[in-house]
Amino acid sequence: QLQASGGGLVQAGGSLRLSCAASGRIFSSYVMGWFRQAPGKEREFVAAIKWRTGSTYYRDSVKGRFTISRDNAKNTVYLQMNSLKPEDTAVYFCATDPSGSVRTGSYLYDYWGQGTQVTVSS
């Protein structure tokens, strides 16, 4: 199971750090991803990290502002979000992809956390 937390209300330009704690074992081949879904929009890929290597990947609109990281000992993935913009407002989800390859399609991820709301006011 995945438990996402850390969302909240922040002003534009502010920061938040999301956490995603896995209660079960994360296999070294897994990819951990963050997605978001705004009202009336499709769920979209935000960032991903390969558990074994720590290699990271981002959608273009968050590059330079968001940082994904992991803590192997805590089985936890983080998403540090800086310079937040109103268009970042969404429910953020973490998910696992056992394929070992970074894929951006949400349908390719098998386990999902419950989501945490991020609201950025202008």
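When reading the values below, keep in mind they use all heavy atoms of this one structure, side chains included, and skip hydrogens, waters and symmetry mates. Predicted, not measured: the structure shown is a model, and the values here were computed from it. Position 1 is the first residue of the sequence, and the numbers go up from there.
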Gap separating the [atom1] atom of [X] from the [atom2] atom of [Y], nearest 0.5 angstrom:
| X | Y | atom1 | atom2 | result |
| --- | --- | --- | --- | --- |
| Glu42 | Ser106 | CD | OG | 8.0 Å |
| Asn82 | Thr67 | CG | OG1 | 6.5 Å |
| Met81 | Leu16 | CE | CG | 4.5 Å |

- Would Asp88 and Lys85 pass as an ion pair if we require N to O under 4.0 Å? no

- Query: Which residues satisfy the side-chain contact (heavy atoms from CB on, under 4.5 Å) test with Asn75, sequence neighbours excluded?
  - Reply: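 Here the qualifying residues are Ala22, Ile26, Trp51.
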
- Who passes ring pair (Phe, Tyr, Trp, His ring centres under 6.0 Å) against Tyr30, sequence neighbours left out?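 For Tyr30, the residues satisfying ring pair (Phe, Tyr, Trp, His ring centres under 6.0 Å) (neighbours in sequence not counted) are Phe27.
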
- With sequence neighbours excluded, residues passing ring pair (Phe, Tyr, Trp, His ring centres under 6.0 Å) with Phe93: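 Applying ring pair (Phe, Tyr, Trp, His ring centres under 6.0 Å) to Phe93 gives none.
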
- Linking Ile, Leu, Val, Met, Phe, Trp and Tyr through side-chain heavy atoms less than 4.5 Å apart, which residues share a cluster with Tyr78?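 Tyr78 clusters with nothing; isolated.
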
- Query: Ring centroid separation for Phe35 and Tyr109, is it under 6.0 angstrom?
  - Reply: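 Ring centres of Tyr109 and Phe35 closer than 6.0 Å.
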
Considering only heavy atoms from C-beta outward, does the side chain of [X] approach that of [Y] to under 4.5 Å?
| X | Y | answer |
| --- | --- | --- |
| Phe66 | Leu84 | yes |
| Leu18 | Val118 | yes |
| Pro98 | Asp110 | yes |
| Ile68 | Tyr58 | yes |
| Gln3 | Cys20 | no |
| Val31 | Arg103 | no |

- Query: With a cut-off of under 6.0 Å to the ring centre and 45° to the axis, is Arg59 in cation-pi contact with Trp34?
  - Reply: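 That pair does not qualify as a cation-pi contact.
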
Is it the case that one hydrophobic cluster holds both [X] and [Y], taking links as side-chain heavy atoms less than 4.5 Å apart, direct or via other members?
| X | Y | value |
| --- | --- | --- |
| Val91 | Tyr107 | yes |
| Leu79 | Val62 | yes |
| Leu108 | Tyr57 | yes |

Backbone N or O of [Y] within a donor-acceptor pair of the [X] side chain at under 3.5 Å?
| X | Y | value |
| --- | --- | --- |
| Arg65 | Ser61 | yes |
| Thr89 | Val120 | yes |
| Gln114 | Ala4 | yes |

Of the non-hydrogen atoms in [X] and [Y], which two are nearest, and what is the gap between them?
| X | Y | answer |
| --- | --- | --- |
| Ser83 | Ser15 | N-OG, 4.4 Å |
| Ala12 | Pro86 | CB-CD, 4.1 Å |
| Arg70 | Thr53 | NH2-C, 4.0 Å |

- Query: Which residues satisfy the side-chain hydrogen bond (donor to acceptor under 3.5 Å, both in side chains) test with Ser121, sequence neighbours excluded?
  - Reply: none

- Non-neighbouring partners of Tyr92 that pass side-chain hydrogen bond (donor to acceptor under 3.5 Å, both in side chains), sequence neighbours left out: Arg36

- Query: Is there a side-chain contact (heavy atoms from CB on, under 4.5 Å) between Leu2 and Met32 once you walk through the steps?
  - Reply: CA-CA 10 Å; Leu2 301 177; Met32 301 293 293; 4.1 Å; yes

- Can Thr76 and Asp71 be counted as having a side-chain donor-acceptor contact under 3.5 angstrom?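 No.
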
